[in-house]
*Asks:* 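Have a look at the structure that comes next, please.
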Amino acid sequence: MSIHEECGVFGVFSKTPIPAAQYCYYGLYALQHRGQESCGIVVNDDGLFFPYKELGLVGEAFTKERLASLPQGTMAVAHTRYGTTGGTNRANCQPIVVNHQKGRMALAHNGNLSNAAALRNDLELSGAIFHSTSDTETIAYIITKERLGAPSIEEAVSRAMDQLEGAYSLVIMSPQKLICVRDPHGFRPLCFGQTPGGSFVVASESCAISAVGATLIRDVEPGEILIFSKTGVVSLREHCGTKERKLCIFEYIYFARPDSVIDSVSVQQARLRAGEILAQRYPVQADIVVGVPDSGLDAAVGYSRISSIPYGIGLIKNKYIGRTFISPDNRTDQVRIKLSAIRHTVENKRVVLIDDSIVRGTTLKSIVSLIREAGAKEIHVRVAAPPFLHPCYYGTDIDSEKHLIANSHTVSEIKTILGADSLGYFPLECLSELTDTGYCDACFSGRYPTAIQADTRKNRFERRLSDSEQ
Ligand code: 5GP
Ligand code: MG
């Protein structure tokens, strides 16, 4: 269970046929941290679409044979999914491909619409039927509907944007064009670059641009529609600047890879800075600073720099295990499978333990006891995010606030639950020091940038039989 959603989108455009599926494969591989539930690639070979989607990790779903079975093409779009809206099933795998009156379209989406339920309801009342429970199909429906009266696919996308609210970074493929779109708030990242051979690549994070040997050109602007076609690259900016910038601050804190640069800010630099601020705000007499792998490591380095307490590697992560967060049950034991403490580093030491965030508190509780068992004298926990108090509607996976430990406990109670000697959370008001672009911190502050509808829950389309169903 997650409180935020992590999907990765990727696309490639070339004027001449290239091994487009392979670009996507390597791109998705670099975006695997953003979602491990399912993945898919759709190749465009001369206007014909060749999709392959499967549950599981990129390396498992795309065997060598499977990858080789996809043809060369001038374009492809790809997606790696962490289920948020909609459950785990094949119908919800992306990219989705739709056939419509003016041709076909493939679409990969990262984000969550905050008005999806209302939009879908309106469409259903006008006779629309849906195959999946994900809100991405709603976006596809609205674009194809607008396409009927629009002179071009990009114009249809622009008209659809007037109706969509919330988070969407999209990569869309038509027979002749690759189009990428970022919602006017810019909740989720999206950037593009170019390969030495002249192909364009689009990705959720710049680490995927580098992974395919391309050079980052820039971020897609919030509200921008970028169109790649044989005639060149066109940027439509009519939705740019219409809304306040609201990049999800959690991209810097946890989601993104530290080697990515989002909206011109290095993720690693933001994390180092978070650690520095923690050191200034919550100094403590200690012997060593230990970060929780992987997302707590950079903040630990930052804490060490400012406090002059040496940084040490006190926890080792098994390289062959994914994020335990994705597995539903018995997480306490999973922490031991994933992490182990290095006695030599922590024994008889006063340890400052840095992690990126606390959601339910179960992970950190296990980690504190691992370090205690390895002989630490004192454990001072510092968290590089403020307390989670509110669900996220721009990619939520939590139905209610009751799972968030900070919602029902004070900091002092949480310290006791964790078994720590002290606890300090990153100050909400200091988030602005991590980036110079506008950001969304609703999960910490409750300040939602868009109206929130009552039925924005995950699985809202997966209800059991109700009276109206016969
Ligand atoms: P918890 O407190 O629920 O036991 O786990 C917190 C840890 O889960 C954090 O340290 C962080 O690494 C990870 N985490 C926090 N938020 C998310 C999220 O939205 N998705 C996933 N997959 N992991 C998260
Ligand atoms: Mg963690």
Side-chain angles (χ1 to χ4, degrees), residues 1-8 31-37 57 80-85 88 110-112 167 187-188 248-258 267 271 274-275 290-300 315-318 321-339 353-370 381-399 401-409 411 414-415 417-420 423 425-426 440-444 458:
M1 188 186 305
S2 142
I3 76 155
H4 292 79
E5 143 277 6
E6 312 158 66
C7 287
L31 296 172
Q32 186 77 80
H33 60 288
R34 298 183 69 86
Q36 302 90 11
E37 186 179 282
L57 300 173
T80 178
R81 175 167 198 271
Y82 185 101
T84 50
T85 307
T88 304
N110 173 208
N112 212 52
F187 280 108
R188 297 287 156 205
C248 167
I249 194 71
F250 214 55
E251 290 283 349
Y252 293 118
I253 295 170
Y254 172 77
F255 290 154
R257 250 170 54 166
V267 173
R271 290 184 187 170
V290 168
V292 177
D294 294 308
S295 34
L297 297 179
D298 293 307
L315 285 165
I316 284 294
K317 179 170 164 186
N318 185 326
I321 202 152
R323 284 182 169 173
T324 53
F325 205 90
I326 61 171
S327 314
D329 24 69
N330 207 357
R331 299 183 55 247
T332 316
D333 291 333
Q334 285 173 17
V335 168
R336 283 171 194 271
I337 297 167
K338 178 173 156 181
L339 290 173
L353 180 67
I354 314 270
D355 203 359
D356 63 287
S357 60
I358 299 178
V359 182
R360 288 159 300 187
T362 45
T363 310
L364 207 45
K365 184 174 181 214
S366 301
I367 295 170
V368 169
S369 59
L370 281 180
V381 173
R382 302 291 180 263
V383 187
F388 273 122
L389 295 172
H390 309 277
C392 168
Y393 295 103
Y394 313 107
T396 181
D397 199 3
I398 253 180
D399 282 350
E401 283 125 321
K402 67 175 187 284
H403 301 286
L404 306 173
I405 192 171
N407 229 305
S408 44
H409 298 87
V411 173
I414 298 169
K415 183 205 81 176
I417 294 170
L418 297 179
L423 170 64
Y425 274 102
F426 191 88
C440 174
D441 62 8
C443 54
F444 308 125
K458 179 187 157 107

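All ligand and atom numbering here is 1-based and tracks the order in the structure.
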*Asks:* As an exercise, identify every atom of ligand 1 less than 4.0 angstrom from a heavy atom of Asp355.
*Replies:* 10 (O)

*Asks:* For Leu339 versus Leu370, what's the shortest heavy-atom pair and its separation?
*Replies:* O-CD1, 3.6 Å

*Asks:* Should Phe255 be counted as touching ligand 1, given the test is an N or O pair under 3.5 Å?
*Replies:*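 No, there is no polar N/O contact under 3.5 Å.
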
*Asks:* Please confirm whether Thr362 comes within less than 3.5 Å of ligand 1 when only nitrogen or oxygen atoms on both sides are compared.
*Replies:* yes

*Asks:* Less than 4.0 Å is my threshold; does some heavy atom of Phe250 fall inside it relative to ligand 1?
*Replies:*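 Contact check Phe250 vs ligand 1: positive.
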
*Asks:* Compare every heavy atom of Arg271 with every heavy atom of Pro258, then report the nearest pair and how far apart it is.
*Replies:*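 What the structure gives for the nearest pair is CD-NH1, 3.8 Å.
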
*Asks:* Counting heavy atoms only, which of Ser357, Ala385, Cys443 comes nearest to atom 7 (C) of ligand 1?
*Replies:* Ser357

*Asks:* If the contact criterion is a heavy-atom separation under 4.0 Å, does Asp356 count as touching ligand 1?
*Replies:* yes

*Asks:* For Asp298, what residues pass the side chain to side chain donor-acceptor pair (under 3.5 Å) criterion, not counting sequence neighbours?
*Replies:* Gln268

*Asks:* For Phe187, what residues pass the ring pair (Phe, Tyr, Trp, His ring centres under 6.0 Å) criterion, not counting sequence neighbours?
*Replies:* His185, Tyr394

*Asks:* With a 3.5 Å distance limit and no angle check, can you tell me whether Asn407 reaches the backbone of Leu389 through a side-chain donor-acceptor pair?
*Replies:* yes

*Asks:* For a side chain to side chain contact (heavy atoms under 4.5 Å, CB included) check, start with the C-alpha distance between Phe444 and Phe250, then their side-chain angles and the critical distance, and finish with the verdict.
*Replies:* CA-CA 10 Å; Phe444 308 125; Phe250 214 55; 4.0 Å; yes

*Asks:* Could you say whether the N/O atoms of Gly361 and ligand 1 ever approach to under 3.5 Å?
*Replies:*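 Checking ligand 1 against Gly361, an N or O pair does fall under 3.5 Å apart.
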
*Asks:* Does the side chain of Asp355 come within less than 4.5 Å of Val381's, by heavy atoms?
*Replies:*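 No; the side chains remain at least 4.5 Å from each other.
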
*Asks:* List ligand 1 atoms under 4.0 Å from Ser295, heavy atoms only on the residue side.
*Replies:* 12 (O)

*Asks:* Identify, by atom number and element, the atoms of ligand 1 in contact range of Ile358, meaning under 4.0 Å from any of its heavy atoms.
*Replies:* 2 (O)

